Amino acid sequence: PHSVLYKGLMLPALVHSTESLRYAQLGFQVRDRDIFSVTYPKSGTTWMQELLTLIHSDGDPQLAQSVPSWERVPWVEQTTAAGFLENRPCPRLISSHLPCGLFPTSLHGSNAKVIYTVRNPKDVCVSLYYYSKMASFLEFPEDFGEFVELFSAGKVLFGSWFQHVKGWLGLRDRLNFLLLTYEEMHQDLRGSVERICQFLGKPLEARALDGVVENASFQAMKQNRMCNYSLVPENIMDQRISPFLRKGVPGDWKGHFTVAQSQAFDRLYQEQMQDVGIRFPWDEA
Ligand code: A3P
């Protein structure tokens, strides 16, 4: 069994259970000083885990190089052991892939910070395709064309990209919320780190900022065993099939979507996103 079905959502069974999901939604108590990094999968989750760790370490890579990323900034939905997140010092750094409807309900009314990172869905689709091939806990995709169909229909882990993004963006005025894109992080990492620091109320000196930017580069992260997933056994993630830190660029979709697939996806995108009212780096004129 590859997946758990929870309230209509498909999630990988390896790290999720009905208990962990129910606890995340209803049992987990959000605190005002909590800092959440929320992403649809393959949108820059690991990158944000690295950035948050490094910002909180004032650019010193020691922690990022000695503790796995998933323990430094754990996913709330994967927590079953009572006390695991409860006993962490504040501010707690927490990841989540949950759509807003399944998120801890105690977020609402709290002053916790939410950083939502969004990425061009075509690149998310490509990244998820390769990830599905290398991760044995996901359904192995037949071919790319078929995978685009599944992705477009939301028949992949964590459901529809459109619903995830629209759901969270719909809450942005009601929460303590920062919207970032993978593309702007790639274009200007230093500027993005400064925006994050400002949002967190944690300004960094130039040298600390240098440390963050250097250690969160694609190359540095690829070398870091604590975030490149080489600690995960090969029978779970086979990086010979495709490395976890695979390409790390915007626009890789152009080498994967056919013209017809791209046009069909654009039509769906228009239809789904017309009311969102935000221009993204990939929405060229
Ligand atoms: P690609 O498969 O396109 O290379 P997530 O962490 O949400 O699973 O997302 C993984 C994607 O983020 C992968 O995309 C990975 O290479 C990319 N990524 C991770 N760290 C990065 C970095 N420092 N710079 C650019 N891309 C990065």
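For the numbers below, each heavy atom of this structure counts, side chains included, while hydrogens, waters and symmetry mates do not. Just follow the structure's listing: the first ligand is 1, and inside any ligand the first atom is 1. Please read all numbers here as calculations on a predicted model, not as lab measurements.
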Whether [X] side chain and [Y] backbone form a donor-acceptor pair below 3.5 Å:
X: Arg172; Y: Leu169; value: yes
X: Asn120; Y: Trp282; value: no
X: Asp32; Y: Asn111; value: yes
X: Gln49; Y: Val73; value: yes

Heteroatom proximity flag, Gly248 to ligand 1, N/O under 3.5 Å: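 Yes, since at least one N or O of Gly248 sits under 3.5 Å from an N or O of ligand 1.
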Val249 N/O to ligand 1 N/O under 3.5 Å: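 Val249 vs ligand 1: no N/O contact under 3.5 Å.
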Distance filter under 4.0 Å to [X] heavy atoms, resulting ligand 1 atoms:
X: Ser217; value: 23 (N)
X: Ala216; value: 23 (N)
X: Gly44; value: 5 (P), 7 (O), 9 (O)

Glu205, CD atom: more than 12 neighbouring heavy atoms under 6.0 Å: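 Atom CD in Glu205 is not crowded, with 12 or fewer foreign heavy atoms closer than 6.0 Å.
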Which residue from [options] reaches closest to [atom] through any of its heavy atoms?
atom: atom 14 (O) of ligand 1; options: His186, Arg119, Arg246; result: Arg119
atom: atom 12 (O) of ligand 1; options: Tyr182, Tyr40, Trp47, Phe244; result: Tyr182
atom: atom 13 (C) of ligand 1; options: Ser43, Ser127, Gly251; result: Ser127
atom: atom 19 (C) of ligand 1; options: Asn228, Asn215, Leu245, Thr46; result: Leu245

For residues 189-197, which side-chain donor-acceptor pairs fall under 3.5 Å, sequence neighbours excluded?
from, atom 1, to, atom 2, distance (Å)
Arg190, NH1, Asp210, OD1, 2.7
Arg190, NH2, Asp210, OD1, 3.2
Ser192, OG, Glu184, O, 3.3
Ser192, OG, Asp188, O, 2.9
Arg195, NH1, Glu184, OE1, 2.6

Protein residue, atom and distance nearest to atom 8 (O) of ligand 1, heavy-atom basis: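 For atom 8 (O) of ligand 1, the nearest protein heavy atom comes out as Lys42 NZ, 3.0 Å.
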Protein contact to atom 7 (O) of ligand 1 [nearest heavy atom, distance to 0.1 Å]: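 Looking only at protein heavy atoms, the one closest to atom 7 (O) of ligand 1 is Thr45 OG1, 2.5 Å.
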Aromatic plane relationship, Tyr116 with His164 - under 30° parallel, 30 to 60° tilted, over 60° perpendicular: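 Because their plane-to-plane angle is under 30°, the rings of His164 and Tyr116 count as parallel.
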Parallel, tilted or perpendicular, as decided by the 30° and 60° cut-offs, for the rings of Phe257 and Trp253: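 Plane angle over 60°, so perpendicular.
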